[in-house]
Every structure is written in structure tokens, then in C-alpha cells.
Amino acid sequence: MSTYLEQLNEPQRAAVLQKDGPMIIIAGAGSGKTRVLTYKIAYLMEQGVDPFNILSLTFTNKAAREMKDRIGKVVGYSEAKNLWMGTFHSVFARILRSEADRLGYPSNFTIYDTQDSVRLITAIIKEMNLDKDRYKPKQILNRISSFKNSLITVRAYFNNSDLQQADLEASRPKTGDIYKEYVDRCFKSGAMDFDDLLLRTNELLARFPDVLAKYQDRFRYILVDEYQDTNHSQYLIVRALADRFQNICVVGDDSQSIYGFRGANIQNILNFQKDYPDVKTFKLEQNYRSTSNIVRAANSVIDKNKTKLDKEIWTANDAGDSVKIMRTISDGEEGRFVAQSIWENQMNHQLTSDQFAVLYRTNAQSRAIEDALRKKDIKYKIYGGISFYQRKEIKDLLSYLRILINPNDEEALKRIINYPARGIGATTIDKLLIAANHYNKSMFDIIKNINTIDVNINAGTKTKLQNFVNMIQRFQIEAQTKNAFEIADLVVKQTQLVKDLQKDGTPEGVNKVENVQELLNGIKDFITDKIETGEDASLTSFLEDVALATDFDSDKKDEEPRVSLMTIHLSKGLEFPYVYIVGLEENLFPSAMSMNTRSELEEERRLFYVALTRAEKAAYLTYAQTRYRWGKLTDGEPSRFLEEIDERYVEYITPKTPEPSMNRFLDASLFEEDTPKKIRFQKPIQKKRKEFLAKKEKPTMISPKSNMKKLSELSSKMNLFDGEITVDNIVEHNRFGTGKVIAIEGKGPNKKAEIEFSTVGKKKLLLQFAKLKVIG
DNA sequence: ATTGCACGCCTTTTT
DNA sequence: GGCGTGCAAT
């Protein structure tokens with residue numbers, strides 16, 4: 001018997017050794033799920049199953065790579081390489097590419113991201129002369145997305161009077177027409193959105209029995225991780241593919257189902273037994289990850305949910321510290337508490353930053369945490385949020401590359417046809433769109449034949465369009481002999497894209513140039529990487545990677561350790577020794593949008609459960625009594641989840657604030673700066689829960705006068721207050737070096753200084769953001 | 001056709 | 001507090 005089997009506990013081993021037939025593994029948080037999946041695949045291969053016949057669907061591409069790596073260690077890398085592993089989206093994008101012609105798509109179809117989809121829908125709403133306040137593009141996209149994930153095609157929609165009635169009652173009778181136009185336009189553009197990757201796969205398997213048979217035969221063993229988060233569309237794909245051999249193994253935890261909003265159907269896991277009556281069920285209930293205080297605290301909360309499978313998570317680990325609950329006065333103080341606490345834990349226990357994670361409900365919360373960490377000089381990395389690839393300058397360059405591959409890509413074309421400005425304005429684009437719709441051709445086709453088609457565009461503009469097409473076609477020819485990096489580099493040079501970014505001279509512009517450079521480097525790395533591993537290094541493959549990459553996939557190693565900042569959703573599947581969960585306030589977590597129904601609230605509770613069970617050694621839960629939201633100060637109540645934790649496992653602590661903060665400028669951080677080493681919280685105090693949660697600490701008011709005095713004293717000491725900077729000052733900027741102030745303009749937050757830097761020349765900087773130090 | 005500014009909406013969460 | 005859109009000015 002292989003040695004790795006000895007490393008498993010009883011239920012884990014049983015799950016690994018169950019080779020054939022349908023099975024479900026209910027895997028509690030931290031119960032060694034990945035280990036089981038890894039060994040299970042290794043075991044299958046040892047039993048003579050060809051890796052070509054194994055399909056493993058994971059939640060992130062990174063998880064797939066790591067698992068492949070671990071399997072490689074057991075059975076050999078050359079064998080493991082042949083496994084099909086990846087996310088639903090990336091695996092089926094690959095299959096769709098090779099079968100695209102069946103569906104009338106080009107094999108190099110574009111993948112539209114959410115931004116592309118929203119822009120297209122916005123355009124359609126405008127073209128249809130509909131009120132964009134009534135038809136909110138994002139809302140419409142969500143609705144279309146839920147149609148697609150339930151396999152409701154345009155035709156199905158128009159055959160379903162209930163759906164149409166619902167849209168009519170919502171005063172959006174044209175929803176179906178928008179849906180139809182959106183689908184048509186995507187098709188004409190040779191583009192699929194995220195949901196299409198699943199919907200079209202279903203279409204492919206349903207319409208072409210030979211294709212279905214081919215993949216059924218190919219994927220004799222199918223494993224699906226995070227099964228609780230699959231939606232109906234994914235569920236149908238899996239069921240179709242597994243239908244012939246029925247060797248289907250799904251792994252999941254109903255308590256960690258947190259993607260209901262994007263169509264995940266918890267029933268998929270709850271009803272698995274109904275679909276496969278002879279299913280074997282395994283339960284992994286021993287948690288190896290966390291202290292028993294954390295496990296018990298988490299259990300006590302999730303027990304409040306009615307909808308759940310029967311299981312009891314337990315651990316043999318030590319009790320460990322209590323879960324700490326911390327009340328702070330503001331979101332600013334919350335951030336400083338987190339930073340201070342991380343710093344102390346690092347000092348006291350000799351820990352590196354990568355042992356810490358800060359988790360929050362919404363991306364917007366990261367700001368306060370970032371500010372505080374930066375002030376303490378603690379390195380961090382943000383996952384999610386606005387991704388690198390969403391930035392305007394990056395999307396613009398990528399759009400050029402997309403056009404080379406697929407000239408029909410309408411969204412890419414609209415982005416770059418007049419960027420950098422070449423005198424092709426909105427009016428011209430509108431005319432082109434109308435012609436494209438009229439002749440049922442793509443916009444690019446119209447432009448290509450601009451001289452033979454009857455459009456009301458003047459000769460000068462026609463020449464400009466001609467030049468544009470010629471340029472694109474030149475790139476296309478070059479692309480046949482050059483690699484992705486050389487092409488991207490050529491595009492940047494020929495279009496003068498960087499020059500355009502440079503000419504505004506602002507720090508933002510500099511940053512954008514750096515981003516473009518980073519993208520070029522990224523393409524270079526991609527190519528080297530793929531050539532080394534013998535994989536597809538084409539531009540198409542790069543663009544697909546970009547479209548489907550998650551933040552974790554680009555995770556660079558050999559960097560210095562950093563604190564991880566991310567939403568709770570993104571933290572699923574990860575673990576950290578020290579976890580801070582911030583913003584535990586009513587209307588934020590649970591979210592105000594999710595408190596209307598029991599099932600929404602239960603999903604929020606599962607989300608909290610996921611957050612808490614990320615922690616190995618210690619968990620800190622914080623909430624703020626006031627918080628800036630939409631730029632306004634708002635009051636908050638402690639989250640109900642705090643009260644739901646069994647009191648035996650928690651402890652309340654209060655930050656010691658040296659001076660109550662009066663406003664943003666007179667923030668406590670100003671006072672802290674020179675005493676960072678002092679331990680800043682009081683010893684943990686156990687208070688009565690109700691009393692603690694109910695107590696409101698009102699900041700003591702300082703009279704505005706003394707306030708201002710204190711402020712200016714401080715600022716003169718610390719060079720942080722913009723009032724100090726005047727003409728002729730010599731200042732220091734952390735990127736541009738030293739310079740002389742030439743002029744000051746604007747006031748309040750818009751106050752700018754014009755500075756002559758010795759390195760980069762004249763710059764206008766917003767004092768609010770440019771952390772300038774007066775040095776003379 | 002481009003630029004600058006005011007306004008409004010925004011924030012759940014992601015492939 | 002931030003971004004995109006729409007409108008007015010040039």
C-alpha cells in the first residue's frame with residue numbers, strides 16, 4: 001500500500017479508496033479536502049487510470065496548478081501533466097475553442113469581461129432609445145446572466161410568459177429585446193461572455209451527440225471541487241459528461257456556499273443523492289486547521305442556520321486563544337488597531353507578514369486598512385478589487401491585441417478606434433454602427449469596405465478610417481511572424497500610446513506608463529513560461545489567460561512576505577495563522593442588501609463562517625461605531641453575528657486611544673507616530689457581552705480652537721499638514737526626489753503645488769495625495 | 001472634435 | 001470619497 005495512504009485518517013482514506021461510481025465528500029472547513037482530492041487522483045492513476053481520462057474542476061486556476069504539482073510529486077510530473085484541471089470557465093473555454101465551428105463561432109473568439117458586457121448593454125439601451133435609469137445596464141446584465149445560468153435562452157425567454165410578465169411588472173418590458181440584441185451582437189462580434197462559456201458548452205453537448213460522446217468517453221473520471229458553489233448551468237454540464245461512466249466525485253461543504261448571488265445553487269449538493277441513488281457519501285469532520293476555540297466559535301454561529309446538512313466539525317487541536325472582539329470608534333481607528341495588532345504579533349512571536357490576513361465584506365473597506373498598514377510600514381498585498389487588467393490603459397492596449405486576433409470584436413474596436421485620438425468621433429462611430437446593423441456585418445467589415453458602402457461619412461473621415469484599417473492589417477501581418485510580446489511592443493510604438501500617456505505629465509500618467517510597461521513584461525514572462533513548459537504561447541492563449549485569470553493566478557513568488565488583504569469571498573479555500581475580520585456591523589456584514597430573506601441572511605452567515613474558519617491560530621473581529629461610507633460619516637451597530645458566537649469562546653478588548661479623534665485631520669494617527677513601540681491596547685478585559693456591544697463611546701469634544709492649535713503644532717513637527725507648504729519651499733517627494741515649490745493654487749482638497757523637480761522637471765501635485773516633506 | 005467641469009450614482013460579493 | 005457620464009465651452 002502506498003505510503004501516502006497512511007497519512008490519512010479513516011474517512012479520508014475511505015474516500016480516496018472509493019474508486020468508481022458516484023460519490024460525494026462532505027468536507028468541513030480545514031478537514032484536509034485538498035489532500036484527499038490530491039491523493040484520490042494519484043490513487044486513480046496508480047490504479048491504471050490514464051490521466052487523459054481524468055477531469056478535475058477546481059475553483060481557481062491556482063488551486064489546479066498546485067494540485068497538479070502535488071500529484072506530480074506522488075506519481076511523477078510527466079504523467080500529471082496530462083490531467084485536465086482548471087476552473088469550469090477555463091476548461092470549457094478550451095473545449096469551446098476546438099469545437100467552435102459547430103456553434104458558428106470562430107475558434108479565436110473573444111471572451112468579454114463584465115466591463116465589456118456592461119458597455120455593450122449600455123450601448124444597446126441607448127440605441128433602442130430606452131431610459132437608462134429604468135433599464136440600468138448592470139441590473140440588466142445581472143438578469144441576463146441569471147437567464148443564461150438557468151439555461152433560459154432568448155427563445156426560452158419569449159416562450160415563458162411568467163418571465164415576461166415579471167419584467168413587465170418591473171416596468172422593464174423591453175428586457176427580452178435587450179437580451180436578444182445582446183446575444184446577437186456578442187455572436188456577431190465573435191465574443192462570449194463568462195456565462196456563455198457555460199451556456200454554449202451546454203448547447204454544444206446537447207445539440208451534438210457525437211461531441212457529447214467524445215467528451216463522455218474522454219472524461220471517465222470527473223472530480224468537482226467546491227460543488228456547493230456550482231450553478232445550474234455547471235451542474236448540467238457535469239451531469240451530462242458523467243452520464244456514461246458515472247464516475248463522478250463531488251466535494252463540497254454546504255456550510256461554505258457563498259455564491260448564491262451568481263446563481264450557485266446549494267440544492268446541487270443537497271440533492272446529489274437524488275440524482276445518483278447509489279451514491280456513496282463520505283464526511284470529513286475533523287478540522288486540522290484551527291484551534292478548538294475557533295472551531296467551536298464558528299460552529300456555534302453556523303448552527304443558527306436552518307438549511308444545512310447534518311455534520312459535526314470537531315478538532316483535536318489545543319484550545320488556543322479566545323476569539324477577540326474589538327470595538328473601535330471609527331473605521332480609521334479600526335485600521336490602526338489592525339495594523340498595531342499585526343505589528344505586535346510580529347514582534348512578540350517572530351512572525352513574517354504573510355502569516356496575516358485581513359478580510360472584509362466589501363472591497364471599499366480596504367482603504368482604511370491600507371492607510372494604517374502603510375503608516376506602520378507593514379507590507380501588504382490586495383487581492384481582487386479593480387484588477388490590473390481592468391485599468392483603462394491596460395484594457396486599451398489589450399483591445400488592440402484583441403482586434404488583431406478577432407477584428408469583429410466590437411467592444412475592443414469601439415475602445416481604440418479613436419484612441420489615441422485620430423479624429424474619428426462619436427458621430428462617425430454611430431453611423432458605422434447603424435450601417436453594421438443594417439448590412440448585418442461587423443463594424444470592422446463596414447470600415448474595411450467604407451468606400452463601397454453607402455454611408456453618410458465625409459471623404460476626410462473616410463481616409464482616417466482607411467488609415468486605421470491599414471494600420472490594423474499591418475499589425476495582423478506582423479503577427480504572423482512575431483510573437484505576442486513583439487507584437488504588443490510594436491503596437492505600443494506605432495500607435496504612440498505611451499507618448500499619449502506621457503504628455504499629461506501627471507503622476508497618474510507616469511503610473512499608467514509604468515502599467516503598460518508591466519503588461520509588456522507580463523507578456524514576455526508569459527511567453528517564456530509557456531515555451532519552457534511546451535504549452536501554447538500564442539497571443540490568443542495569452543488573451544484567454546488574461547480574461548479568465550483571477551488575482552491569485554498572477555501571484556508572484558520570491559517577493560517579500562506581505563499581509564494579505566481580500567474580501568471574504570476571495571479567501572475561500574485559503575488559510576492563515578492570524579486572521580482579522582473587519583467591519584462587523586449591521587448593514588455592512590450582514591450586508592444591507594442581504595437581509596430581506598432568510599436564505600440571503602443564511603448566506604451571509606455562511607460567509608462569516610468561511611471567514612472565521614480561515615484562521616489557524618488567532619481570529620480578531622472588529623467593528624467600528626462610525627464609518628465613512630459614500631464619503632459620509634455614518635453610525636454603525638455591531639453585527640448580529642458577534643452576538644451569535646457562543647460567549648465561552650470570545651473575549652472583548654478595547655483599544656486605548658491616546659486622544660479621541662476630532663476629525664480626519666486631527667486623527668489619532670498623528671499622535672501615534674512617534675510612539676509606535678508602546679503596547680497600545682489595554683490588557684484584554686472580559687466584560688459582559690451586552691454591555692460591551694451596546695456601549696457607545698462618544699469622542700470627547702475638543703474645542704475647535706485648541707484643536708487647530710494642536711493641529712498646527714503637530715504639523716509643523718511632522719511636515720504633514722499642507723498648510724505648511726509655501727512658494728520657494730524645498731520639498732521632497734518619495735518618487736520624484738527633491739524640488740522647489742514654484743506656485744500654489746486651489747484650496748481645500750484641491751490645493752495643488754507646482755514644483756520644479758531636479759529629476760523630472762515641473763509637476764503639479766495635489767497636496768492631499770502627494771506626501772510632501774518640507775526640507776528647506 | 002476635444003477638453004473641462006459639474007453631477008449623480010455608487011458598493012455587496014466574482015468567473 | 002471616486003469614477004463615469006453628460007453637457008457646455010472652445
Side-chain angles (χ1 to χ4, degrees), chain A residues 57-61 86-93 111-115 117-119 122 126 132-133 136-139 141-142 145 148-149 192-198 226 229-231 233-234 257-264 331 359-368 371 383-387 389-392 418-429 460-461 464 504 508 544 546-553 566-572 583 587-595 600 603-604 606-608 610-611 627-634 664 749-750 768-769:
Chain A
L57 296 164
T58 55
F59 204 67
T60 64
N61 287 310
T87 61
F88 271 92
H89 289 86
S90 63
V91 165
F92 294 112
I111 297 170
Y112 274 0
D113 65 15
T114 307
Q115 204 185 343
S117 299
V118 170
R119 286 168 86 119
T122 310
K126 209 169 172 181
K132 68 171 167 38
D133 294 323
K136 293 194 167 133
K138 263 190 202 148
Q139 237 174 43
L141 178 63
N142 276 337
S145 174
K148 287 184 174 179
N149 286 325
M192 294 200 198
D193 67 14
F194 288 133
D195 306 317
D196 283 332
L197 296 176
L198 307 175
E226 307 285 6
D229 283 323
T230 52
N231 60 36
S233 194
Q234 292 167 319
S257 167
I258 54 173
Y259 281 99
F261 69 91
R262 71 171 193 212
D331 49 349
L359 309 179
Y360 34 78
R361 180 65 179 82
T362 65
N363 283 304
Q365 288 166 258
S366 71
R367 173 166 291 270
D371 288 347
Y383 294 85
I386 308 138
S387 106
Y389 296 110
Q390 312 270 14
R391 289 162 205 240
K392 186 183 177 302
N418 196 33
Y419 181 81
R422 48 176 76 89
I424 302 168
T427 328
T428 308
I429 293 171
T461 311
K464 288 173 188 162
D504 77 353
E508 292 81 36
E544 180 169 314
V546 165
L548 298 177
T550 55
D551 242 20
F552 297 109
D553 298 330
M566 67 185 83
T567 62
I568 297 161
H569 282 89
L570 278 182
S571 77
K572 195 174 68 161
N587 295 319
L588 181 60
F589 191 15
S591 160
M593 323 280 289
S594 307
M595 302 205 308
E600 281 177 334
E603 178 151 317
E604 293 287 308
R606 289 192 294 269
L607 197 53
F608 180 64
V610 167
R627 177 178 298 278
Y628 278 92
R629 291 180 93 175
W630 308 283
K632 278 202 184 94
L633 197 64
T634 53
R664 282 230 133 164
N750 294 320
Q768 193 183 186
F769 299 119

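Throughout, a chain's letter reflects where its sequence line sits, starting with A, and its residues are numbered from 1.
- Following rounding to the nearest Å, Tyr259(A) (OH) and dT14(B) (C1') show an atom-to-atom distance of 5 Å.
- The side chain of Ser90(A) contributes no N or O atom lying less than 4.0 Å from OP1 or OP2 of dT15(B).
- By the side-chain hydrogen bond (donor to acceptor under 3.5 Å, both in side chains) test, Asp113(A) is found to be paired with Lys395(A), residues two or more places apart in sequence or in another chain being considered.
- The side chain of Thr362(A) sits closest to dT13(B) out of dT13(B), dA1(B), dT15(B).
- Nearest to the side chain of Ala364(A), among dC10(B), dT11(B), dT13(B), sits dT11(B).
- Note on Thr427(A): a side-chain N or O is less than 4.0 Å away from OP1 or OP2 of dA1(B).
- Summary of the strand contacts: Phe194(A) and Ile424(A) both lie near DNA chain B, and taking for each the nucleotide with the nearest heavy atom, the more 5' one is attributed to Ile424(A).
- In this structure, Phe261(A) counts as stacked on the base of dT13(B) under the 5.5 Å centre distance and 30° plane angle limits.
- With sequence neighbours excluded, the residues that form a side-chain contact (heavy atoms from CB on, under 4.5 Å) with Lys138(A) are Val118(A).
- Following rounding to the nearest Å, Lys138(A) (NZ) and dC9(B) (P) show an atom-to-atom distance of 13 Å.
- Between dT13(B) and Asn363(A), a contact under 4.0 Å exists linking OP1 or OP2 to a side-chain N or O.
- The side chain of Met593(A) sits closest to dT11(B) out of dT2(B), dT11(B), dT15(B).
- Figure legend: Lys392(A) and Tyr419(A) shown as a cation-pi pair, the cationic atom lying under 6.0 angstrom from the six-membered ring centre and within 45 degrees of its axis.
- Listed by chain and residue number, nothing satisfies the salt bridge (charged side-chain N to carboxylate O under 4.0 Å, His left out) test with Lys136(A) (two or more places apart in sequence, or in another chain).
- Among residues two or more places apart in sequence or in another chain, the ring pair (Phe, Tyr, Trp, His ring centres under 6.0 Å) test is passed with Tyr112(A) by none.
- The ring pair (Phe, Tyr, Trp, His ring centres under 6.0 Å) test applied to His89(A) returns no partner, not counting sequence neighbours.
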Dot-bracket for DNA chain C, 5' to 3', Watson-Crick and G-U pairs with both distances under 3.5 Å, [ ] for crossing pairs, | for partner on another strand, reads .|||||||||
